Enquirer: 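Quick one: the structure is below, and I'll ask about it shortly.
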Amino acid sequence: MTISAAIWYTKDGYDTSGTRLLGRHSAGEGFLKSLVQYGTGESLYCYTENQGTFSEFCERIRPWLQQPRKVRWIPTIESQLLAQPGILYRPDPTLSEMAWARRFADQRAYSICGVTHTIATKYVMERIGDLLIAPVQPWDALICTSVAVKMAVEAVLENWAEYLANRTGGKPQNLVKLPIIPLGVNYSSFPQGVEAINARNQQRQALGIADNDIVVLFVGRLTFSAKAHPVPMYMALERAAKKANTKIHLIQAGWIEDPREEPEFKSSAQAFCPSVNHIFVDGRKPEIRVNIWSAADIFISLSDNIQESFGLTPIEAMANGLPAVVSDWNGYKESVRHEIDGFRIPTLSPAANSCLDLTVNYLDSSLNWPTYMGHTSMATAVNIDACTEALSKLIASSELRRRMGENGRQRVKEIYDWKVVIAAYEQLWKELAEIRATMPESVPLKPEISPYPLCDDPFKAFSHYPTKTLSNEMVISWGKMATPERLKEIHNMWITSFGSERRIPISIQIDIVDAIKQEGGMSVGEILRRYAKNEKELAYLRRTLLYLMKFDILVTNN
């Protein structure tokens with residue numbers, strides 16, 4: 001059984017061409033490209049708002065299609081069509097909104113699958129908390145990209161459940177599956193053998209780096225608050241450089257998010273690491289982002305902040321055969337095996353409840369997200385001596401670099417190659433489909449209860465507003481404005497034609513008006529019987545009758 005998912009598509013979730021390049025953009029683009037290349041579903045489904053965005057989706061995936069496959073559009077206005085693929089995939093953790101929307105139709109029609117990236121923001125924490133109160137089902141899943149992420153998500157859900165138990169008297173259970181599936185890279189796209197040697201020579205020549213020099217590489221955003229504070233890296237590298245008998249270069253390939261940090265990044269490099277040649281390149285440029293790895297001997301990333309959850313760059317480094325020196329932090333704990341693929345450098349942070357002042361000010365917006373992260377980064381220490389020792393060992397031994405690089409490359413091939421990751425996704429989607437076919441439904445919908453009480457049908461929530469409501473017994477006849485000219489006029493003016501896509505077609509409106517004239521009047525019930533074939537058409541027709549009454553084309557005699 002092959003299975004695919006409808007991709008909830010917005011450009012921001014899958015595009016790396018923007019000026020503000022984030023890890024989730026790289027991960028989303030890599031996922032989409034690999035699903036197109038390695039997915040086994042007969043069709044590709046795109047779930048998006050309009051035809052223009054669907055066309056953009058088709059253009060984006062066209063270069064990746066290696067064999068003819070049907071690409072199908074499911075408009076958001078037709079969400080019931082999601083039953084065809086059976087899975088809706090979102091590139092974020094926002095499952096609750098779609099779970100409520102699904103409840104208006106059929107909760108068993110399809111599964112919802114999201115994925116975690118940064119989980120520390122207020123917005124994402126709230127969306128995770130929503131999983132305990134939204135009508136999610138056992139056949140839904142939030143993919144955690146690392147064990148570290150899953151532990152954090154489970155802790156949030158447990159603490160929120162305890163609060164809800166104290167507040168309401170009942171403790172909700174989390175029904176959503178939380179599988180661990182990492183992000184990936186295209187292993188085969190990284191140069192090896194003679195190709196790797198040629199790429200290394202080309203990159204070094206372009207940067208003016210001698211063959212026997214040692215190059216240490218950092219890839220990622222250049223921001224002390226949201227990625228990695230550079231000074232501990234500078235200090236460790238300076239100490240290692242003084243012990244070395246060769247010239248050391250540090251390449252930082254990324255982009256500086258806050259212009260205020262640019263002079264500080266460069267001046268602190270000279271202040272704390274004067275013995276090393278510093279090279280800054282713009283990692284947003286595709287040719288640099290793809291090729292800069294070839295110039296390096298060692299990869300380094302001393303992440304020290306709470307926004308990091310997985311860390312894609314160490315995987316890319318290992319795929320390029322580079323030993324990785326990373327902080328023992330978040331997802332790095334799982335991807336880089338200490339003294340096998342590289343070195344994990346110990347980290348230290350304050351005990352719990354040491355930052356409640358930051359928390360309350362972030363909650364009340366006195367602190368914005370970057371400032372909040374900056375404070376937590378400044379309270380996290382990476383062991384500089386341990387980092388110095390790791391760098392020194394790698395600088396001194398080409399054999400150690402080679403061995404760790406080969407270990408890392410093999411690890412990526414086995415675990416983090418997109419072929420492996422996409423297969424894990426499809427296996428999960430298959431399991432969700434099997435659960436959907438057998439498990440009982442959570443919170444079955446009752447006829448008298450709104451599918452979503454906080455976003456009910458407006459004419460139910462506010463049914464006490466009008467004098468009367470339209471009933472089947474009411475008799476409708478021609479109004480004073482029921483002329484062909486007036487009918488044409490209201491359909492041609494924007495202010496009177498607004499919302500036409502959510503009413504019955506104009507041709508049927510004309511048929512109804514003519515039938516009412518011929519019969520001298522007609523009950524609402526009879527009109528509904530003749531012209532509506534299903535629940536959607538019933539709703540559209542009732543609204544259309546009121547629309548025609550609004551402009552005196554039709555009137556009610558009751």
Side-chain angles (χ1 to χ4, degrees), residues 190-222 227-228 230-255 265-266 268-270 272-283 285 287-303 313-327 336 341-343 345 387-409 412:
F190 296 98
Q192 299 185 44
V194 174
E195 183 186 1
I197 294 172
N198 292 337
R200 174 185 171 88
N201 293 337
Q202 183 178 2
Q203 287 294 307
R204 290 196 164 214
Q205 184 176 4
L207 295 168
I209 300 171
D211 183 58
N212 292 327
D213 293 353
I214 295 293
V215 175
V216 180
L217 174 67
F218 171 86
V219 176
R221 277 184 294 162
L222 305 181
K227 198 67 179 176
V231 170
M233 174 179 66
Y234 293 156
M235 296 173 71
L237 193 53
E238 173 67 14
R239 296 176 191 178
K242 287 184 175 179
K243 297 179 182 179
N245 296 319
T246 187
K247 186 173 182 179
I248 310 294
H249 304 263
L250 173 62
I251 299 176
Q252 296 188 64
W255 59 282
F265 255 83
K266 294 178 178 178
S268 62
Q270 294 304 319
F272 292 98
C273 195
S275 302
V276 169
N277 180 45
H278 294 274
I279 302 171
F280 290 85
V281 294
D282 189 347
K285 297 179 178 179
E287 65 274 16
I288 291 177
R289 192 167 67 247
V290 171
N291 298 320
I292 195 64
W293 306 95
S294 298
D297 299 288
I298 301 165
F299 172 78
I300 187 168
S301 182
L302 304 182
S303 180
T313 53
I315 307 299
E316 294 175 305
M318 290 192 292
N320 278 280
L322 297 177
V325 178
V326 300
S327 50
V336 178
D341 313 306
F343 295 93
I345 309 305
C387 187
T388 301
E389 183 180 354
L391 288 169
S392 295
K393 288 180 179 179
L394 288 168
I395 290 170
S397 175
S398 60
E399 172 57 25
L400 180 62
R401 297 196 301 270
R402 186 202 62 77
R403 185 172 71 251
M404 287 186 165
E406 284 302 315
N407 290 342
R409 197 192 296 272
V412 169

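What you see is a predicted model, and the numbers here were worked out from it, not measured in a lab.
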Enquirer: Just verifying a value: how many Å separate D282 CG and I292 CD1, rounded to the nearest 0.5 Å?
Expert: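 So the gap between those two atoms works out to 11.0 Å.
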
Enquirer: Any idea which heavy atoms bring L217 and W293 closest together, and the distance?
Expert: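 Shortest heavy-atom contact: CD2-CE3, 3.6 Å.
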
Enquirer: More than 12 foreign heavy atoms under 6.0 Å from CD of Q270: is that the case here?
Expert: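 Yes, the 6.0 Å shell around CD holds more than 12 heavy atoms from other groups.
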
Enquirer: Minimum heavy-atom separation for A296 to L322, with atom names?
Expert: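 Distance-wise, the nearest heavy atoms are O-CD2, 3.2 Å.
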
Enquirer: Does the H249 side chain pair with the main chain of L207, one donor and one acceptor, at a distance under 3.5 Å?
Expert: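 No, H249 side chain to L207 backbone: no donor-acceptor pair under 3.5 Å.
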
Enquirer: Are any of the side-chain heavy atoms of V326 and F299 separated by less than 4.5 Å?
Expert: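 With C-beta onward as the side chain, the pair touches.
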
Enquirer: Would you mind checking if E389 and K393 are paired as a salt bridge, meaning a charged N to carboxylate O distance below 4.0 Å?
Expert: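 The answer is yes: the pair qualifies as a salt bridge.
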
Enquirer: Drop me the distance from F280's CZ to L222's CG, to the nearest 0.5 angstrom.
Expert: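 One gets 6.5 Å once the value is rounded to the nearest 0.5 Å.
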
Enquirer: Could you tell me whether the side chain of R221 and the main chain of K227 form a donor-acceptor pair under 3.5 Å?
Expert: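 Such a contact is absent between R221 side chain and K227 backbone.
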
Enquirer: If you count the non-hydrogen atoms of other residues, nucleotides and ligands that lie under 6.0 Å from CD in Q192, is the total more than 12?
Expert: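 Result for CD/Q192: enclosed.
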
Enquirer: In Å and rounded to the nearest 0.5 Å, what is the CZ to CD1 distance from R200 to I209?
Expert: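 Answer rounded to 0.5 Å: 9.0 Å.
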
Enquirer: Got a second to check how far K242's NZ is from C273's SG, nearest 0.5 Å?
Expert: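 So the NZ of K242 and the SG of C273 are separated by 9.5 Å.
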
Enquirer: For the pair S275 and E238, evaluate side chain to side chain donor-acceptor pair (under 3.5 Å) and give the outcome as yes or no after the intermediate values.
Expert: CA-CA 6 Å; S275 302; E238 173 67 14; 2.7 Å; yes

Enquirer: Short question: side chain of T246, backbone of N212 - any donor-acceptor pair under 3.5 Å?
Expert: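 A pair under 3.5 Å: yes.
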
Enquirer: How close do E287 and N291 get, counting heavy atoms only, and between which atoms?
Expert: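 What the structure gives for the nearest pair is O-ND2, 2.8 Å.
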
Enquirer: Keeping S397 on the side-chain end and L394 on the backbone end, is there a donor-acceptor pair under 3.5 Å?
Expert: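 The answer is no, because no donor-acceptor pair under 3.5 Å joins these two groups.
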
Enquirer: By the definition side chain to side chain contact (heavy atoms under 4.5 Å, CB included), identify the one residue from I214, L237, V216 that meets it with V276.
Expert: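 With V276 as partner, I214, L237, V216 yield a single side chain to side chain contact (heavy atoms under 4.5 Å, CB included), made by L237.
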
Enquirer: Do the non-hydrogen side-chain atoms of H278 and Y234 ever get within less than 4.5 Å of each other?
Expert: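 Result yes, sub-4.5 Å side-chain heavy-atom pair found.
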
Enquirer: Give a yes or no answer on whether the side chain of S327 reaches the backbone of S303 with a donor-acceptor pair at less than 3.5 Å.
Expert: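 A pair under 3.5 Å: yes.
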
Enquirer: Roughly how far, to the nearest 0.5 Å, is the CZ atom of R402 from the CG atom of N407?
Expert: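 Going from CG on N407 over to CZ on R402, the span is 8.5 Å.
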
Enquirer: Please examine the side chains of I248 and N277, heavy atoms only from C-beta on, and report whether any two atoms are closer than 4.5 Å.
Expert: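 Sidechains of I248 and N277: no contact.
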
Enquirer: Looking only at heavy atoms, what is the nearest atom pair of M318 and V412, with distance?
Expert: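 In terms of heavy atoms, the two residues are closest at CB-CG2, 3.6 Å.
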
Enquirer: I'd like to know if D341 and R403 make a salt bridge, using a cut-off of under 4.0 Å between side-chain N and carboxylate O.
Expert: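 Between R403 and D341 there is no salt bridge, as every charged N stays at least 4.0 Å from the carboxylate O atoms.
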
Enquirer: Go through the structure and list residues passing ring pair (Phe, Tyr, Trp, His ring centres under 6.0 Å) with F218, not counting sequence neighbours.
Expert: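 Once residues adjacent in sequence are excluded, F218 has no partner under the ring pair (Phe, Tyr, Trp, His ring centres under 6.0 Å) criterion.
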
Enquirer: Check this for me: does any side-chain nitrogen of one of D297 and R204 sit under 4.0 Å from a carboxylate oxygen of the other?
Expert: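 Salt bridge: yes.
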
Enquirer: Identify the heavy atoms of A240 and T388 that sit nearest to each other, and give their distance.
Expert: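 Heavy atoms only, the tightest pair is N-CG2, 3.8 Å.
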
Enquirer: Kindly give the heavy-atom pair with the smallest separation between P323 and R401, and that separation in Å.
Expert: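 P323 and R401 have their closest heavy atoms at CD-O, 3.8 Å.
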
